Structure formats: structure tokens, C-alpha cells
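Here is the structure we will look at, set down as C-alpha cells.
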Amino acid sequence: MTDDTLLSIRDYNIVYETERPVHAVRDVNLKLQRGEILGLAGESGCGKTTLAYGINRLLRPPAVIRTGSAILHDKGGYDIDINALKVKELREYRWDKVSMVFQGAMNALNPVISIEKQLGDIFSTHRPQMSKADRREESAGLLDLIGVGRDRLRSFPHELSGGMRQRVMIAMALALKPQLMIMDEPTTALDVLVQRDILQEISELRSQFGFSVIFITHDLPLLLEISDRIAVMLQGEIVELGTAERIFRRPDHVYTERLLQSFPSLTGERGGFIRSGNDETRTKDEAIV
Amino acid sequence: MRYIARKLGFYAVALWGALTVNFLLPRMLPGNPVDILVAKLSARGPVTDELRDSLELLLGGAPDQGILEQYWVYLVGIFTGNLGISITYYPVPVVEIIGQALPWTLVMIGIGTLLAFIVGVALGMLAGWKRGSWLDNLVPVTTMFQAVPYFWLALVLLYILSVGLGAFPVSGGYNYNVAQPGFTWDFVGTAIYHGTLPALTIVISSFGGWLLGMRNMMVSTLSEDYIVTAEAKGLRPMRIMTAYAARNAVLPSVAGFAISLGFVVSGSIVTEQVFSYPGIGSTLLQAVNNSDYALMQGLFLVITLAVLGANLIVDLLYGVIDPRTRANG
Amino acid sequence: MAHESSRTVDDAETASGDAAATVPTSGRTEKEIIFSDLEVPATASTNMALRKNSASPLTATFAAVRTNPPKKAPRWRSVLPPMTPKLATGLILIAAIVLFGVLGPVFLGNPRSIRDIGRTPPGGEFLLGTTQTGQDVLAQLAHATQGSLLIGLVVGVLALILSMIFGVIGSYVGGWLDESFSLFTNIMLVIPGLPLVIVISSYVEDKTIWVLAVVLAITSWAASARVLRSVTLSLRSRDYVAAARVSGEKSWRIIVVEILPNLIPVLASQFVLAIIAAILAEAGLSYLGLGASGTFTWGTMLFQAQNGFALTLGTWWWFVPPGILIAVLGGALSLVNFAIDEVVNPKLRTTTLRKDKKRLKKRLHTTTEGGVPV
């Protein structure tokens with residue numbers, strides 16, 4: 001493919017090997033461009049998080065990658081076959097190449113150690129040559145960058161608001177300047193204003209650092225705003241993939257259409273809620289609140 | 001700060017409760033301990049009125065004093081370090097006897113308990129981390145040790161290791177022929193030699209509880225989101241196990257340490273008796289058998305104080321290792 | 001680091017090699033697939049699925065594997081712990097000891113009758129040998145078993161009642177009553193029990209087994225009261241209890257009808273623990289010579305053995321059996337408690353998880369990746 005491809009996923013299948021095996025991700029093929037924000041939409045349980053975890057090899061039994069490959073085309077000019085990484089290589093790959101921002105930052109941060117230590121152990125693991133002072137300076141810089149402020153370095157997670165915790169999570173994800181950031185429902189638990197700020201922040205950081213983003217959410221209108229392209233997942237399959245513009249104007253799949261209808265539209269032109277079907281005047285914000 | 005203040009407040013109330021129980025027990029229960037004591041003492045010589053007064057002060061029964069007045073005099077006596085006079089070692093003050101017995105118990109039980117906690121928590125961490133491993137499968141076996149009474153285990157160990165093999169001394173806290181109490185190497189050596197088996201008994205019979213608790217907490221902690229974060233960050237397993245999983249999983253064990261201390265002390269009293277160890281436990285037994293009420297009351301007070309003090313230390317430590325307690329007060 | 005060695009690295013080629021044959025992709029209805037797609041287990045270990053009370057078939061499958069409830073079981077069956085080997089072992093051991101304690105004293109002779117064959121080793125006429133004064137150890141053991149079981153049961157019941165009063169009622173009523181009950185409980189918890197029992201019992205002139213039981217109960221209820229309090233507090237805030245309150249049900253009725261049934265597993269577990277604690281405490285007390293007068297328990301046997309120089313004379317058959325019985329009964333009760341715990345807290349179940357893992361390994365030759373073992 002072209003030089004611009006960062007991640008190629010081919011014939012990807014993930015199965016939960018339980019008494020009755022559950023096929024969570026089936027035959028996914030996907031190419032992610034460098035610097036692109038790809039939205040991954042679908043209702044809960046459609047396999048989008050499972051797919052994201054697969055890319056970082058974070059699946060735990062009984063979930064197993066049955067077939068397929070995921071290749072990361074590093075900017076250094078070599079390819080990384082993610083499924084073939086040995087334990088030590090896998091550790092080095094994680095966060096350095098692909099970082100993650102998790103759903104519900106509430107529990108994603110360790111409650112009993114300080115923000116400084118949680119940022120610091122990324123550096124001490126991946127950049128062992130850094131001195132203690134360097135680590136602290138780097139961490140402080142990240143908190144400044146993300147708008148939390150370096151004076152929060154000594155804080156513990158419970159001393160921060162939900163929005164701040166999510167920003168700290170993003171600061172952590174930025175720490176090693178990864179080429180791909182996977183964001184799993186990063187704004188779901190936040191109120192609308194904070195959500196908006198954080199989305200804006202992500203867009204700016206993306207243009208500043210040039211990383212790609214896989215943005216996972218069930219909120220399709222939100223994706224329309226932030227993404228370059230959108231993939232719609234249904235029952236483990238990607239049923240539709242296209243630019244945000246195209247998905248919004250001309251959805252191919254009937255499921256995408258239904259997803260679009262189930263949210264009030266941004267402009268008010270399209271027909272309101274699928275259930276009531278008649279309240280066309282509502283704006284997005286009203287509906288979310 | 002509020003957390004510390006609240007804890008200090010609680011222990012002040014608990015201390016007052018213990019003092020009051022100590023005051024009320026001899027007065028509420030049937031029989032007149034003072035009469036029993038005076039009868040005992042008069043066998044050895046004349047009982048002065050002053051002595052009778054001091055006994056009544058301690059144990060009640062003085063006809064011309066109201067109960068509140070007695071209570072007040074009792075509290076004043078305690079805070080000025082006056083716990084009365086022992087009958088068994090007449091006329092040595094109770095405080096002095098306790099002062100001799102306390103270091104033995106504090107050191108031996110202290111080391112035994114701490115060791116049991118450390119060993120149990122460390123093994124529990126490993127068992128929970130590698131669920132289904134051979135260590136994990138041994139967990140039910142080690143908890144069986146808990147069902148074994150401390151003192152019976154002590155008896156068996158004593159029978160096998162001391163009586164049978166002669167590897168350890170049969171009784172006592174040190175060898176009179178080697179050294180006299182004092183800070184000399186000879187004395188410390190013989191004291192360690194005598195204290196090993198009692199301490200070992202405590203370790204063997206109580207580490208299983210810590211192990212099980214830690215193992216179960218470890219298992220539930222491992223399913224927390226921050227463990228996945230740590231994994232995604234590419235941290236080394238050792239770091240995830242210690243700084244992320246165990247650091248969180250150990251909190252309930254530390255909180256539980258305070259509570260279980262009372263049980264450990266109870267078990268140790270009996271264990272001391274098995275080894276004729278010259279500590280608080282055997283002294284308490286001696287006091288009970290000689291109806292030495294003053295000594296008994298004093299010992300109960302000191303034991304309670306020690307447990308309360310240890311609890312307070314653990315609670316303060318908990319405040320340090322769990323940052324959340326500092327914020328919520 | 002050590003656990004890394006046992007980890008087999010995910011081998012993508014093997015997985016893709018035999019995958020096509022085993023993946024059942026077709027033949028399922030659409031509805032089934034929608035429902036069985038679960039996102040949660042991926043984010044955490046498999047037992048997360050158990051914790052979630054979702055109605056998804058995946059959880060249901062796990063539940064079915066683990067608790068194997070009969071298809072149309074009556075509702076109360078769900079409270080009973082599943083019959084695992086652990087539970088069965090525990091129950092059998094308990095039954096054997098209870099049987100020995102009930103029937104033994106009937107068939108074995110008088111434990112006090114003295115013979116001139118002191119310290120006979122086990123075997124022959126006296127299965128467990130004789131004491132220093134020629135008493136039959138087996139007969140003593142039977143009577144002691146009866147005494148200890150009786151004490152354990154009585155103290156267990158009394159302590160349970162006390163802990164319910166201070167744990168359940170206080171936390172249900174709330175307000176100052178809860179505050180003061182809770183404070184009282186916490187104070188009782190930090191005051192060391194056995195020294196208190198020793199002091200109390202030294203003031204009581206003639207101790208019957210009943211007096212002793214009351215004293216032991218008074219000093220041992222606090223820990224369960226605290227557990228019961230926290231469980232009741234969480235039950236109290238459930239919706240159906242709130243609903244009952246709003247509809248004007250009387251407090252005692254809500255406690256009996258809505259709260260107690262949900263407390264049963266916890267109560268059972270606390271009862272079992274109380275019995276163990278009581279038997280151990282009584283044994284310790286009696287061993288010190290402070291037990292009830294005129295009764296036989298495992299503790300008094302050990303006391304007599306100690307005074308009869310069993311240790312130094314090597315009369316091991318005198319002091320070993322009572323201790324073993326205490327340990328076995330305590331162990332058996334803990335096994336039962338494990339089973340009850342697994343009803344209260346399904347996360348702790350390990351047996352079938354291990355089976356799942358084995359099956360997985362056989363099929364795929366792969367395990368998890370990354371640092372955290374499951």
C-alpha cells in the first residue's frame with residue numbers, strides 16, 4: 001500500500017472460547033492512515049472494544065485471536081507483526097507505539113499512587129536512560145500541555161474531577177509520542193461542556209503531534225464531528241466504512257441509517273428520534289442533557 | 001488531619017471504656033475480692049489498715065465511699081502509675097512486675113506477629129497473582145493451620161523439637177547459667193534461642209489467615225481497570241504485581257491487622273503458658289491462680305493498652321498508605 | 001518475573017492454522033449472536049462476567065457451569081451452596097465428629113474410672129491407650145467431644161444473637177442508635193477477648209458450662225456484628241426495602257421479611273466462624289485450668305495431660321487426639337465456610353475456572369499475552 005498506512009488489519013477474528021463460543025470480532029479488514037482519526041461506532045457489545053484490545057494484545061482468556069494479522073507500519077520504515085511479538089517485545093511495543101485512553105477514567109488510574117508516579121513509571125519502563133529530574137520535568141510538561149497544570153503532579157486520582165482524570169489519562173497516553181492512540185469511550189462519563197473541551201483538545205494535539213486515533217464510541221453524532229473516517233460495527237463485523245461526510249449524507253447500510261436516526265441530528269433537518277419520530281426541532285445538546 | 005483526629009478520638013473513648021470495664025468488673029461480680037485477699041494475706045502476717053484501704057480502693061467494697069468517688073480515685077491512681085501491690089510478690093508494686101514481664105511479650109509476640117503478617121501477605125500476593133498455581137492450590141491447606149489451636153501446636157512442636165530432638169529449650173525465656181538479663185550478647189543470644197519456638201508457633205498458626213485474605217483481595221484487584229492500564233502501559237509484571245495489584249490489595253489486610261491483634265494476643269497468652277515464657281501471659285495466669293486481683297487488673301489494663309496502642313499505630317499507618325483516608329477525613 | 005517462564009507465547013500461526021475448522025460461524029440465529037456478544041469480559045478477566053448481574057447467555061453459561069442448578073429448582077435452592085468436593089468433605093467430617101460426640105459417650109465406658117494400668121500405649125483393649133491414672137483416653141475423648149460441641153453450639157447461637165442485635169438492628173434503625181452501637185462494637189473489637197474472659201471468669205466462683213458460654217459469647221460477638229452491619233447497610237439502601245418503607249410496612253416486619261432472608265448466607269458464615277472461635281477459646285481457657293468445673297472438653301483433656309506430665313513422659317496419645325479433633329473440626333467448618341463464601345461472593349470460585357482454562361489450552365495451545373496472568 002501507500003506510505004501513509006499506519007496499521008493494516010486483515011481477516012481479524014476474535015472468539016470467546018466459552019462453553020458456547022462467542023464470535024466477538026469477525027473478518028475485520030481495516031487500514032488506518034497516518035494522522036487519521038478513525039471513528040469506530042456501534043452499540044455496546046458489538047465487539048469494538050474487543051477489537052481495540054486485540055490490537056494491543058490485551059485480551060484475556062477466554063478471548064482469543066483466532067485468525068488474522070495486525071501489522072503496524074512504523075515510521076522508522078519497518079513493520080511490526082503485532083500477533084507475533086514475544087512477551088518482552090510486546091511490552092516494549094505497548095504504549096511506545098500504541099497507547100490507550102480507557103473508558104471510565106474513574107478506575108483506570110491507580111487510586112493509591114500519585115499522578116507523578118503513574119506518569120513516571122511509563123518513562124522509567126520505556127526510557128530507562130532518563131534521569132529522575134528529566135522524568136519529573138517531562139511529566140510536568142505533559143500536565144501543562146493537557147491543561148491540568150503541573151501543580152497537580154503530586155495529586156492522587158481521587159483529588160481530581162472526572163474531567164481532569166480523563167485529561168491525566170490523555171497526558172499519559174501522549175507521554176511517549178506514540179503513533180497510534182486508541183480511545184475507548186473517553187468522554188462518555190463526562191458532562192457535555194467538559195466533553196467538548198476534551199474533544200477539541202484531542203483534535204489540536206493530533207494536528208500538533210500527528211498521531212492517528214481510533215476513537216471508539218456508541219455516539220455517532222460525536223464521531224461525525226471529530227472523525228475523518230468512520231467504521232460502523234454490528235455483531236462483530238464492520239458493516240460500513242467511509243468518510244464522516246459520506247456516512248452522514250449517504251449511509252449504505254440500513255443499520256447505519258438506524259444509528260443516525262436514533263440520535264437527534266446536528267442540523268435538525270433529519271428526522272428526530274426513531275421512537276417518537278416527530279420531534280424535529282430538538283438540538284443535540286438538549287437531547288443529551 | 002481529620003482522619004488522625006477521629007482515630008485519636010476513638011481510641012480515647014476505647015481507652016476510657018477499657019478503664020471503666022476494669023473498674024466495674026470486680027465491683028459488679030459476686031463475691032468480695034477484698035475479703036478473699038485479706039484472708040490470704042493474713043496467713044503471711046498482719047494486715048495493716050492502710051493495705052486494706054488500698055485494696056478497697058482498687059477492687060471496691062469500701063463501705064464509706066460512693067461509687068463515683070471510688071471511680072475518681074481509681075482513675076487518678078492509674079494516671080499516676082499506681083496499680084496497687086501484688087499479693088503473689090508481696091510487697092512489690094504491680095507496676096514493677098509488669099515492667100519486668102512486658103518486654104518479653106512485646107518482643108516475642110511482636111516479632112512473631114509481624115513475621116506471620118509479612119509471610120502471609122507475600123505468599124498471598126503470589127498465590128493470587130498466579131491463580132491455579134501449586135502455591136494457590138496449597139491455600140486451603142495453610143488455612144487448616146488456623147483451625148489448629150495455638151497452644152496445641154505449641155505442645156506438639158515442643159514435644160517433637162524440644163523433648164524429642166532437643167533442638168530447642170523446653171521452657172523459660174533465657175538460660176540462667178549463660179547470662180543474667182541485660183544488654184549483653186550472651187543474654188540476647190540465649191533469649192533469641194528461647195524465643196524462637198514460641199514465635200515460630202505464632203507464625204505457623206496465623207500466617208494462613210493473612211495468606212487467604214491477601215490472595216482473595218489480589219484476585220479481585222486483578223480485575224480492576226487500572227491493572228489493564230498498567231498492562232497497556234507495557235510495565236514489567238513485577239511492577240504491576242507490586243505497585244498496582246498488591247499495593248491496592250494489601251489495604252484490607254492492613255486494616256484487618258488491627259482487629260486480629262486482639263486474637264493474636266489471646267492466643268499468645270496461652271502459648272506463653274506452654275513454654276513457661278516469663279511474659280505477660282504466664283504472669284496473668286499466676287495472678288489468676290493466686291487470686292492476685294491487683295496484679296490481674298493491672299495486667300489486663302496493660303494488655304488492653306498495648307493492643308489499643310498497636311491498633312492506633314496501624315490505623316495511622318493505614319492513613320499513610322491509603323491516600324483516600326486523608327481526603328475524606 | 002518467575003511466572004513468565006510458564007507463559008506460552010501466543011503463536012499466531014498455530015492459531016490461524018487450526019482455526020478455520022473449529023470456528024462455528026454459521027447455523028446460529030441472529031438473535032443469539034446479538035445477545036451473546038459481550039464486550040465486558042475483554043476489558044477484565046472472565047470472572048468480571050460473573051460479577052455483572054446481566055442476563056446475557058454468556059454469564060448464564062458460566063453460572064450454569066458453576067452452580068449447576070437443576071432446571072426447575074425451587075427458589076430456596078439458590079441459597080444453598082453447590083455441592084463441591086470441598087463442601088462434601090467438610091460435611092462428612094463434621095457429621096463423623098458429631099456422631100462420635102453423641103454416640104461415643106453412650107457406648108464407651110466411664111471416662112473417670114481409674115485403673116492400675118497407667119500410660120498404656122494405644123492398641124489392644126484401649127484403642128487410644130490410657131492416661132497416667134489408667135483412664136481410657138478414647139472414652140475421655142468421646143465425652144470431651146460432646147462437651148466441646150455443646151459449648152461451641154451454645155456460644156455460636158448466643159454470639160449470633162448478640163451480633164444481630166448490634167449489627168442488624170442498629171444499622172437498620174440508623175441515627176444515634178447506629179452510631180452508639182457501632183462505637184460499642186468497635187470498642188469491644190479492640191479489647192482483647194481472652195484476657196477479658198480470664199479476668200471475668202476468675203471473679204466467678206463456681207463456673208457452670210452455661211456461665212462460661214455466656215462469658216465467651218459476650219467477648220466474641222463484635223467481629224460478626226461489624227460484618228453484619230456493613231451488609232445490612234447495603235441491603236437497607238436497596239430499592240425493594242425502600243419501597244417497603246414507603247408503603248408503610250412496620251420496621252420489624254421489614255427486618256424479618258425483607259432483610260433477614262438476604263442476610264442468611266452471611267449469618268450462616270458468621271455462625272460457622274463463631275463456632276470455631278468458641279471451641280478454640282474454650283479449649284484455651286480450659287487448658288489454662290479456667291474452664292467450667294466438672295465438664296469434659298478437649299481443653300480440659302489437654303489441661304489434664306499437661307498436669308499429668310504427658311509431654312515430658314512421652315504420653316503423646318493423651319494430648320495429640322484432642323488437638324487433632326479440634327483441628328479437623330475447625331478445618332471442616334472452614335471448608336463449609338468456603339462454600340458459603342462462594343455463594344456470597346462468586347468471584348472466589350476457582351474450580352471450574354481452572355477447568356475452563358485447561359480445556360482452552362488443549363484446544364488452542366495458547367494463553368494470554370502480557371503481564372497479568374489469569
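Remember, it's a predicted structure, so these values are computed and weren't measured experimentally. Naming convention: chains lettered A, B, ... in sequence-line order (proteins, then strands); numbering from 1 in each chain.
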Exercise. Within a strict 4.5 Å, meaning less than it, do heavy atoms of the A:Val112 and B:Arg324 side chains meet?
Worked result: yes

For this session: State whether the side chain of A:Asn110 and the backbone N or O of B:Ala243 hold a donor-acceptor pair below 3.5 Å, judged by distance alone.
Result: yes

Exercise. Chain B heavy atoms under 4.5 Å from A:Glu92: which part of the residue, side chain, backbone, both or neither?
Worked result: neither

Problem set entry | Spacing of CD belonging to B:Glu231 relative to CH2 belonging to A:Trp95, to within rounding of 0.5 Å | 12.0 Å

Exercise. How about A:Arg154: does its CZ atom have over 12 heavy atoms from other parts shown lying under 6.0 Å from it?
Worked result: no

Exercise. Does A:Arg136 CZ have over 12 foreign heavy atoms under 6.0 Å away?
Worked result: no

Exercise. Can you list the steps and then say if B:Tyr244 with A:Asp121 is a side chain to side chain contact (heavy atoms under 4.5 Å, CB included)?
Worked result: CA-CA 11 Å; B:Tyr244 285 73; A:Asp121 62 12; 2.7 Å; yes

For this session: Check for a donor-acceptor pair, side chain of B:Thr229 on one end and backbone N or O of A:Ala108 on the other, with a separation under 3.5 Å.
Result: yes

For this session: With rounding to the nearest 0.5 Å, note down the distance linking CZ in A:Arg60 to CG in B:Leu222.
Result: 7.0 Å

Exercise. Considering only heavy atoms, which portion of B:Ile321 lies under 4.5 Å from any heavy atom of chain A: side chain, backbone, both, or neither?
Worked result: backbone

Exercise. What's the verdict on side chain to side chain contact (heavy atoms under 4.5 Å, CB included) for A:Thr125 and B:Arg236, showing C-alpha distance, side-chain angles and the deciding distance?
Worked result: CA-CA 7 Å; A:Thr125 307; B:Arg236 289 178 198 91; 4.1 Å; yes

Exercise. Is it the case that more than 12 heavy atoms not belonging to A:Lys177 sit under 6.0 Å from its NZ atom?
Worked result: yes

For this session: Report the C-alpha separation of B:Val228 and A:Phe102 in whole Å, then their side-chain angles, then the decisive distance to 0.1 Å, and conclude whether the side chain to side chain contact (heavy atoms under 4.5 Å, CB included) test is met.
Result: CA-CA 9 Å; B:Val228 184; A:Phe102 290 95; 3.9 Å; yes

For this session: Carefully, step by step, assess A:Met100 and B:Lys233 under the rule side chain to side chain contact (heavy atoms under 4.5 Å, CB included).
Result: CA-CA 8 Å; A:Met100 296 185 81; B:Lys233 273 156 81 173; over 6 Å; no

Exercise. Does some side-chain heavy atom of B:Pro323 sit less than 4.5 Å from a side-chain heavy atom of A:Glu159?
Worked result: no

Problem set entry | Flag side-chain contact, heavy atom, 4.5 Å: B:Leu235 against A:Arg94 | no

